[in-house]
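Scroll down for the structure; my scribbles are underneath it.
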2 protein chains.
Amino acid sequence: MTVENRRARSPRGSGDDLRDALVTATAKLLETHDLNALSVRTVTSATGVSPTALYLHFTDLPELLRAVKARFFGDLRDQLTAVGGTGRDRVKALALAYLAYAREYEGRYAVMFHAHRRTDAPSTPAAELVELGWAAFEPLIAAVGAVLPDASVDEIRETSLELWLALHGRAQLSVAMPWFELPDEGRYVDRLVRQVLG
Amino acid sequence: MTVENRRARSPRGSGDDLRDALVTATAKLLETHDLNALSVRTVTSATGVSPTALYLHFTDLPELLRAVKARFFGDLRDQLTAVGGTGRDRVKALALAYLAYAREYEGRYAVMFHAHRRTDAPSTPAAELVELGWAAFEPLIAAVGAVLPDASVDEIRETSLELWLALHGRAQLSVAMPWFELPDEGRYVDRLVRQVLG
DNA sequence: ACCTGAACACCGTTCAAGT
DNA sequence: ACCTGAACACCGTTCAAGT
C-alpha cells in the first residue's frame with residue numbers, strides 16, 4: 001500500500017482536528033483498500049503525521065477503527081432518515097436504501113459488521129457503537145410501526161428486526177461473497193416486505 | 001498469543017500430512033483466537049514446524065485460510081445432511097441446525113463469511129469455495145423442494161435463498177455484534193418458515 | 001523429498017525527547 | 001500543548017542451505 005508523499009502537517013491550532021483527520025483518512029482508505037491493508041503507518045502517512053501521533057488521540061489502532069465504524073453508522077442513519085414515502089412504500093424505500101448503502105460502500109459495510117474480538121478482549125460492547133447501531137435501526141422501526149398501527153411495541157420491534165436481519169443477510173453476503181449471484185434487489189425487497197408485513 | 005512449546009516434527013513420510021496438519025492446527029486456533037491473532041508463526045509453531053514450512057504447501061497465508069474455510073464449509077454441510085425430519089419440520093430442523101453451527105463455532109462462522117478481498121486482489125472466486133458453498137446450501141434447497149412440490153426449480157431456489165439469507169443475517173449479526181439481543185432461535189425459525197413458505 | 005535458518009522490509013506500540 | 005524519532009518485539013515472505 002503506497003501512499004502519496006504529503007507534506008508534514010504543521011503544528012495544529014488545537015483540539016480534535018488531528019483526531020478527525022485520522023478518522024477521515026481511514027474512512028477514505030477503506031473505500032479503496034482492504035481492512036487488513038490498514039496499518040498505523042498507512043493511516044498516519046495518509047494524514048501527514050508520524051506513526052506515533054495516532055496514540056495522542058486513540059489508545060490503539062482498534063480504537064481508531066471503532067471511531068470509524070461509529071462514523072459509518074452515523075452516515076447510514078443519515079441516509080435512512082433522508083428517505084421519503086409513507087406506509088408500506090416507506091418500508092420498501094428504507095429497505096432499498098439500506099441495500100444501496102451496502103452496495104455503494106462495500107468497504108464500509110464490511111467494517112461495520114466485521115467480526116473481530118474473540119476471547120482475547122472482554123468483548124467490550126463499546127456503548128457508543130451500541131447506541132449508534134440502534135439509532136440507525138430506528139427509522140425502520142418507525143416505518144414498520146406506521147404500517148402496523150394495532151401492533152404492540154414488541155411486535156413492531158420483532159417485525160422490524162426480521163426485516164433488518166434479512167436485509168443484513170443479503171448485504172453482508174454480497175460483501176463477503178461477491179461472486180454469489182443474488183436476485184434483483186427490488187424483487188427481493190418486494191417479496192420480503194410482503195412476507196414479513198403480511 | 002503464546003503457543004505451547006512442541007517438539008520439532010520429525011521428517012515426515014510423505015505427501016500432504018503437513019498440509020493437513022497446518023489446516024487442522026489453524027482450525028483449532030480459530031476456536032479460541034481471533035482471526036487476526038493468526039499468523040504464519042503461530043500456526044506453524046502450533047504445528048511444530050518452522051515458519052517457512054508453510055510455503056511448502058501454500059502459496060501464502062491467505063491460501064491457508066481459504067483451505068480452512070473450505071474445511072468449515074464441508075463440516076457445515078456434514079452437519080446439515082445429518083439432519084432428519086420430513087416436510088416443513090425438516091426445513092425448520094435445517095434452519096435450527098444452521099443457527100446452531102454458527103452459535104457453537106462462532107470463530108468458524110466469522111471466518112467462513114469474513115469479508116476480505118477489496119480491489120487489491122482480482123477477487124479470486126476460488127472455485128473450490130464456490131462449490132463448497134453451494135454444496136452446503138443443497139440440503140436446504142432439497143427440503144424446500146419437498147415442501148413445494150408444484151414449484152419450479154427457480155422458485156424453489158429463490159425461496160431457499162430467502163430462508164438462508166435470513167438465517168445468515170441472524171447468524172452473522174450474532175457473531176459480529178454479540179451484545180445485540182435477538183429473539184429466541186426457535187421462535188425466529190418458526191416465524192421465518194411460516195413467512196417464507198406461506 | 002522435505003524442512004530449516006538467516007535475512008528482508010514491514011508491523012503496533014512505548015517512551016524519551018523536541019518545539 | 002502537540003508532535004516526532006529511535007527503539008522494541010513482532011510480522012509475511014524469500015532464498016540459500018541442510019538432511
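Convention: sequence-line order gives letters A, B, ...; per-chain numbering from 1. What you see is a predicted model, and the numbers here were worked out from it, not measured in a lab.
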Whole angstroms only, please: what is the [atom1]-[atom2] distance between [X] and [N]?
{"X": "B:L64", "N": "D:dC11", "atom1": "CG", "atom2": "P", "result": "15 Å"}
{"X": "A:L56", "N": "D:dG5", "atom1": "CG", "atom2": "P", "result": "13 Å"}
{"X": "A:L65", "N": "C:dG12", "atom1": "CG", "atom2": "C1'", "result": "12 Å"}
{"X": "B:D34", "N": "C:dG12", "atom1": "CG", "atom2": "C1'", "result": "15 Å"}
{"X": "A:Y55", "N": "D:dA6", "atom1": "OH", "atom2": "P", "result": "18 Å"}
{"X": "A:F58", "N": "C:dG12", "atom1": "CZ", "atom2": "P", "result": "15 Å"}
{"X": "A:R19", "N": "D:dC2", "atom1": "CZ", "atom2": "P", "result": "14 Å"}
{"X": "A:L54", "N": "D:dC2", "atom1": "CG", "atom2": "P", "result": "16 Å"}

Using the side-chain heavy atoms of [X], tell me which of these nucleotides is nearest: [options].
{"X": "B:R41", "options": "C:dT13, D:dG12, C:dT4", "result": "D:dG12"}
{"X": "B:L18", "options": "D:dA6, C:dA6, C:dC3", "result": "C:dC3"}
{"X": "B:V40", "options": "C:dT13, D:dT13, D:dC11", "result": "D:dT13"}
{"X": "A:V49", "options": "D:dC11, D:dT4, C:dG5", "result": "D:dT4"}
{"X": "A:L61", "options": "C:dG12, C:dA7, D:dT4", "result": "C:dG12"}
{"X": "B:H57", "options": "D:dT13, C:dC3, C:dC11", "result": "C:dC3"}

Each base of DNA chain C marked ( ) or [ ] if paired in-strand (Watson-Crick or G-U under 3.5 Å), | if paired to another strand and . if unpaired gives ||.|||||...|||||.||
Using the side chain to side chain contact (heavy atoms under 4.5 Å, CB included) rule, pick out the option among B:V111, B:V43, B:V68 that qualifies with B:L38.
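Going through B:V111, B:V43, B:V68 one by one, the side chain to side chain contact (heavy atoms under 4.5 Å, CB included) with B:L38 is satisfied by B:V43 alone.
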Taking N and O atoms by type only, does the side chain of B:S39 place a donor or acceptor under 3.5 Å from a partner on the base of D:dG12?
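No.
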Tell me whether the rings of A:F113 and A:H168 are parallel (<30°), tilted (30 to 60°) or perpendicular (>60°).
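The arrangement is tilted - the two ring planes meet at 30° to 60°.
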I'd like to know whether the aromatic ring centres of [X] and [Y] sit less than 6.0 Å apart in this structure.
{"X": "B:F137", "Y": "B:Y98", "value": "no"}
{"X": "B:H114", "Y": "B:Y109", "value": "no"}
{"X": "A:W164", "Y": "B:F180", "value": "yes"}

Would you mind checking if A:E128 and A:R66 are paired as a salt bridge, meaning a charged N to carboxylate O distance below 4.0 Å?
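Salt bridge absent between A:R66 and A:E128.
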Closer than 4.0 angstrom, basic N to acidic O: yes or no for B:R103 and B:E185?
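Counted as a salt bridge, because a side-chain N and a carboxylate O are separated by less than 4.0 Å.
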